[in-house]
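Both counts, for ligands and for their atoms, begin at 1 and track the order of listing.
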Amino acid sequence: MSIQRPRGTKDVLPGESFAWQALELNIRNLCDKFQYKEIRMPTFEHTELFKRGVGDTTDVVQKEMYTFLDRDERSITLRPEGTAQAARLLLENGLYGGPLPAKFFYQISCYRYEKPQAGRLRQFNQFGVEVFGAQNPAADAEVISLAHTLFSNLGIRNLELNINSLGCPTCRKEYTAALKAYFTEHIDSLCDTCKGRLEKNPMRIIDCKSPECKKIAAGAPSILDYICDECRDHFEKVKGYLTGMGIPFTVDPTIVRGLDYYTKTVFEFVSNDIGAQGTVCGGGRYDGLIEQLGGKPLPGLGFAMGMERLFLLLESQGIQLPDEPPCDIYLAPLGENAVGKVMELTLDLRKKGLRVETDLMGRSLKAQMKYADKLGARYVAILGDDELQKGVVTLKNMADSSQEETAIADIFSVVGGR
Ligand code: HAM
């Protein structure tokens with residue numbers, strides 16, 4: 001039996017890759033407007049980074065990481081996300097010493113051992129942004145507005161923005177105690193993982209995927225009843241800025257996010273159009289992360305969106321990304337003598353910037369014409385012995401089937417002059 005790709009992975013086929021490029025370009029241009037700079041990071045890191053960064057009571061770290069020992073017995077993990085990595089990049093390269101805020105974006109593949117379903121893969125792609133050094137609520141609003149602008153540029157509709165505040169370590173302490181008391185009353189019904197979380201990190205129970213835990217979590221105390229004055233003020237300002245920028249949102253106190261580093265503002269963009277995995281984008285503040293990774297205190301925030309979910313959303317809403325431009329001209333050699341000249345001409349026109357295809361199969365002229373038609377070539381140039389002698393080609397315009405003898409030197413201006 002032939003080997004197939006692992007479960008939860010995807011191939012991007014030649015007909016699909018242009019849409020990816022178009023989306024990536026869109027993102028790149030948008031980040032440029034918002035003045036976010038691209039970072040590129042390794043696919044794997046020391047496991048410790050994610051344990052410390054993402055948190056070892058999270059589903060991601062407890063159940064989903066692709067972790068292995070390398071040949072020197074070091075524990076290595078394929079990145080499940082980009083935030084801890086971006087923080088590591090900032091620290092390791094001393095970028096906290098440069099102009100702040102440091103504003104980054106990335107387009108990365110991520111790896112999580114989850115149960116594959118529509119919109120949930122084991123290898124998936126994220127577009128993410130991270131901002132380091134900005135304490136001000138204006139930064140929260142800017143980051144959210146970036147995601148919002150991308151969605152609106154793409155013409156996406158019906159996306160709900162839900163926001164919440166998870167407070168700071170001070171107010172979280174009181175909230176954690178309240179959660180602990182609440183979940184202790186229901187301990188017998190919690191899943192085994194959550195029983196373990198009760199002592200260490202009861203907020204994770206709110207995020208558990210088990211239906212029984214979900215039911216219990218629905219009645220848990222709300223963080224918004226516990227946040228301190230400073231966190232409340234921050235949250236109010238973020239909401240005010242969003243309103244001012246015309247970005248609608250709903251406050252949803254049940255959003256806790258699945259990763260441990262979050263403080264204060266958290267948010268998700270959710271769609272009902274793509275099934276159960278409707279969270280297209282998630283993010284928030286993580287003011288303690290850099291310190292947790294060994295740096296001096298430095299606030300941070302960002303988001304990541306799942307590119308495959310974004311594609312599902314575009315598809316479900318019938319939004320077309322631009323199609324791949326057609327081949328400009330197919331050069332058909334007629335007979336062995338013409339092949340060399342056609343090769344020269346092909347390279348010349350390609351260097352001038354045309355999309356050019358030619359025969360690599362030794363096909364008959366009839367078969368070449370059929371192939372050029374399949375490619376959707378705008379023109380076909382036929383070059384045989386006669387044409388060679390005269391320094392011309394027979395140039396056929398495929399749109400109206402008209403054909404004309406054209407000097408080789410004029411091909412570029414005829415075909416390129418669209
Ligand atoms: P996350 O919520 O774990 O956050 O993932 C962000 C997005 O990645 C999700 O909203 C979803 O669209 C996509 N995603 C996650 N898991 C999968 C999967 N198995 N298959 C397909 N898509 C998936 C983070 O990763 C944080 N690092 C976001 C962040 C950046 N927070 C602050 N800065």
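- Between R204 and D260, at least one side-chain nitrogen of the basic residue sits less than 4.0 Å from a carboxylate oxygen of the acidic one, meeting the salt-bridge criterion.
- Using a 30° and 60° split on the angle between ring planes, F104 and F132 fall in the tilted class, from 30° to 60°.
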Check residues 23-35 and write down every donor-acceptor pair under 3.5 Å in which the side-chain atom is one partner and the other belongs to a residue at least two apart or another chain.
from, atom 1, to, atom 2, distance (Å)
R28, NH1, E38, OE1, 3.0
N29, ND2, L25, O, 3.4
Q35, NE2, D32, O, 3.0

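- For ligand 1, the 4.0 Å heavy-atom shell takes in E81, T83, R112, E114, G119, R120, L121, F124, Q126, E130, R257, L259, Y261, Y262, T279, V280, C281, G282, G283, G284, Y286, G302, F303, A304, G306, R309, ordered by chain and residue number.
- A salt bridge between D56 and K200 is present, with a side-chain N of the basic residue lying under 4.0 Å from a carboxylate O of the acidic one.
- A salt bridge links E236 with K239: at least one charged nitrogen is closer than 4.0 Å to a carboxylate oxygen.
- A salt bridge links D192 with K195: at least one charged nitrogen is closer than 4.0 Å to a carboxylate oxygen.
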